[in-house]
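It should be emphasised that the depicted structure is a prediction, and the values quoted were computed from it without experimental measurement. Heavy atoms only: backbone and side chains are in, while hydrogens, waters and symmetry mates are out.
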There are 2 protein chains.
Amino acid sequence: MTTPTSPPQSSRLKRTDSVGDDWVQFFATHDAPQNYKEKREKMHSFAEEHFKKQTKVVLITSGGTAVPMESRTVRFIDNFSSGTRGAASAEYFLSEGYAVIFLFRHKSLEPYMRHFSRHSFLDMLQIDSETDNSQIITVDQTKAPNMLELLKSYQTVKTSKRLLSVEYVFLQEYLYLLRAAAEALHFAGSKAMFYLAAAVSDFYIPGQDMPEHKIQSSDGPPQISLCKVPKMLAPLVRHWATKAFVTSFKLETDKDLLLKKARQALIKFNHQVVIANILEDRRRQVTIVTQDKHFTISLTEEELSHEADIEEHIVKKLTEQHAQFITENGNGST
Amino acid sequence: MTTPTSPPQSSRLKRTDSVGDDWVQFFATHDAPQNYKEKREKMHSFAEEHFKKQTKVVLITSGGTAVPMESRTVRFIDNFSSGTRGAASAEYFLSEGYAVIFLFRHKSLEPYMRHFSRHSFLDMLQIDSETDNSQIITVDQTKAPNMLELLKSYQTVKTSKRLLSVEYVFLQEYLYLLRAAAEALHFAGSKAMFYLAAAVSDFYIPGQDMPEHKIQSSDGPPQISLCKVPKMLAPLVRHWATKAFVTSFKLETDKDLLLKKARQALIKFNHQVVIANILEDRRRQVTIVTQDKHFTISLTEEELSHEADIEEHIVKKLTEQHAQFITENGNGST
């Protein structure tokens, strides 16, 4: 875990890896996405600034990833994910003092904004006439009882520049940006946390198999052949962010498989935590699985009735574990 | 076009149709979605109320449709569609005096709300302290120069109850709700317009071929077999809304195919208008194709520089054609 590795730049060229080097192949055959350079530089500056201040930094990934079915994309395969987990967790990490890189799927939920739909926003506004004939627009706080408190939190975070939101749509963008974020956080050492809540596609359609134009329905129903997406946890733990505290998620629909698959992932990738959850009850129960134990967090009936966020409990547990991890592994970066 | 047909209820049982009865099969093998009855009743009441007032009613469909890949859905196939066309058009139909049923994909753009992202919303709010220590939240109109005008339009439409928004996510919901809307508008006769801007999936995965649980990546890359989605334009024109003015859309990436395919659709389904557009330039150019002619609408350079909506021109043309259609076909319903 703590043995020194070569810096991330050169590790990109490393061709052998006991859990497969399909990730090398993926980057070799897929170009960097639009605006990649700009986003990468933003993440580097952000990480550097907070590294100087000794602020703990967490990379949160959130939302699904889309996989194109045509090279000029009309159709794509997607994952069900609203981004609630990631957006809610970001708020709690921010209130614990962390700086947050929020790598999220375009249109999935965002911290603070998640509490309001665009619709309810217009409904809560009212037009007031002032004496001098100018019109001001105010928020009707009876329709938005938590608005003031939320807006204050949002403005505090904005002023302290502790939140950097970075958008993606497609799998390819996500993977490039994840690597860039990991490289940016490399120097934060054990003070960096990864909280990989995005619902990443398991399969994609390789470029050479994709038609350029929209598949015509007159061509008859197509057969689609899918390829497995490389598990980026492998190079992330082994090469890109070797000293960081890494949390991944396992979402299943089959209860019987869940714990077994979480444990398998920890053995395979050798990271710190898997948060295991079942699609149906993921908002009120999760199991936190570490290398040596597992325990379940459930919301009480009372908490459920107040629409409490289970993410508050998850983040509390993880920040405790992260603090211990820093003590055990040293504060040091490379 | 104007020959009387049996009422929509009994036509559901009709088993033969020269352009295929695959739609009968679809409804027979797919259950009505959650909240279907409630949404159907809302559309019926809305249509009835505006029918009494002799208001023209347009059904706008907008956004993509998702096709589940598993019966407890984690993955789905989706269409690229932000819903700009439908949301912008709705505003212009509303300002032309129409009542609008807006059948839209969850999270795609909505009329009025489309001008603001949730992010920009929080950024335009400011906290003001009043003399008595209470705090009010106002909109900083320097950050939202069009807010006042938009909010007024939104509130006017809300007061006149001329907008009914109905959400869907999945193809199956969309098809059920489209049929219900068509049945609701049946009695409006030629005063009803259909403006089918949704990007409906061409293919779906039949229920019997779907695994119950999430496909496991350890099972190896799956082969997916797709089925063609029945073209609901056929029963819509022939059975559900026989007297209405029907506009469909053709979106292609290949310029050479576009006009040919638009013309084919008009011959096959025998409706009034196809709006043909190419993915790359659909925001600034469309071709309106009718049974006897076609013409192209393009935004000028000046309009483009002011971010004008091409939908304003489209809607203007269509409302003119619709008025003429009503004159030619009579105001009468069944």
Side-chain angles (χ1 to χ4, degrees), chain A residues 66 69-70 72-80 107 110 112-114 116-119 121-123 125 127 135-139 141 144 147-148 150-152 154-155 158 165 199 201-203 212-217 220-229 251-254 257 261 279-280, chain B residues 66 69-70 72-80 107 110 112-114 116-119 121-123 125-127 135-139 141 144 147-148 150-152 154-155 158 165 199 201-203 212-217 220-229 251-254 257 279-280:
Chain A
M69 293 173 74
E70 295 127 351
R72 294 159 82 177
T73 304
V74 173
R75 297 195 186 91
F76 54 93
I77 298 178
D78 208 341
N79 294 35
F80 170 78
K107 287 207 286 184
E110 291 177 70
Y112 309 108
M113 279 67 91
R114 73 182 171 109
F116 309 98
S117 69
R118 275 167 305 182
H119 192 80
F121 245 125
L122 281 182
D123 285 329
L125 297 181
I127 300 169
Q135 293 187 300
I136 60 163
I137 304 170
T138 58
V139 172
Q141 291 184 53
M147 190 50 148
L148 194 61
L150 260 159
L151 191 57
K152 283 177 183 171
Y154 175 73
Q155 290 180 345
K158 224 182 141 183
S165 295
S201 317
D202 286 326
F203 303 104
E212 184 190 350
H213 289 299
K214 188 177 155 189
I215 305 161
Q216 292 301 322
S217 31
Q223 282 269 337
I224 299 166
S225 294
L226 301 174
C227 245
K228 269 174 87 164
V229 171
L251 177 69
E252 294 290 334
T253 56
D254 189 345
L257 280 174
K261 290 187 70 77
L279 186 62
E280 281 75 11
Chain B
M69 293 173 75
E70 295 128 350
R72 293 160 82 177
T73 303
V74 173
R75 297 195 185 90
F76 54 92
I77 297 177
D78 209 341
N79 294 36
F80 169 77
K107 287 207 287 183
E110 291 179 68
Y112 309 108
M113 277 69 88
R114 73 183 169 109
F116 308 98
S117 69
R118 275 166 305 181
H119 192 80
F121 245 124
L122 281 181
D123 285 329
L125 297 181
Q126 58 194 8
I127 301 168
Q135 293 188 299
I136 61 163
I137 304 169
T138 58
V139 172
Q141 290 184 53
M147 190 49 146
L148 194 62
L150 260 160
L151 191 57
K152 283 178 182 171
Y154 175 72
Q155 291 181 345
K158 223 182 144 184
S165 295
S201 318
D202 287 326
F203 303 104
E212 185 190 349
H213 289 297
K214 189 178 156 189
I215 304 161
Q216 293 301 321
S217 31
Q223 281 272 336
I224 299 165
S225 294
L226 300 173
C227 243
K228 268 174 88 163
V229 171
L251 177 70
E252 294 290 335
T253 55
D254 188 346
L257 278 174
L279 186 62
E280 279 75 12

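Remark: A:Lys158 engages B:Asp123 in a salt bridge (charged side-chain N to carboxylate O under 4.0 Å, His left out) (not counting sequence neighbours). In this structure, B:Gln155 has no side chain to side chain donor-acceptor pair (under 3.5 Å) partners at least two apart in sequence or on a different chain.
Note: A:Leu151 CG to B:Ile127 CD1 = 4.0 Å, rounded to the nearest 0.5 Å.
Annotation: maximal heavy-atom pairing with chain B below 4.5 Å, among A:Leu125, A:Ile77, A:Thr138, A:Ile137, occurs at A:Ile137.
Contact between A:Tyr112 and B:Leu122 at its shortest, heavy atoms only, is CB-CD1, 3.9 Å. The shortest non-hydrogen separation linking A:Gln135 to B:Gln141 is O-NE2, 3.0 Å.
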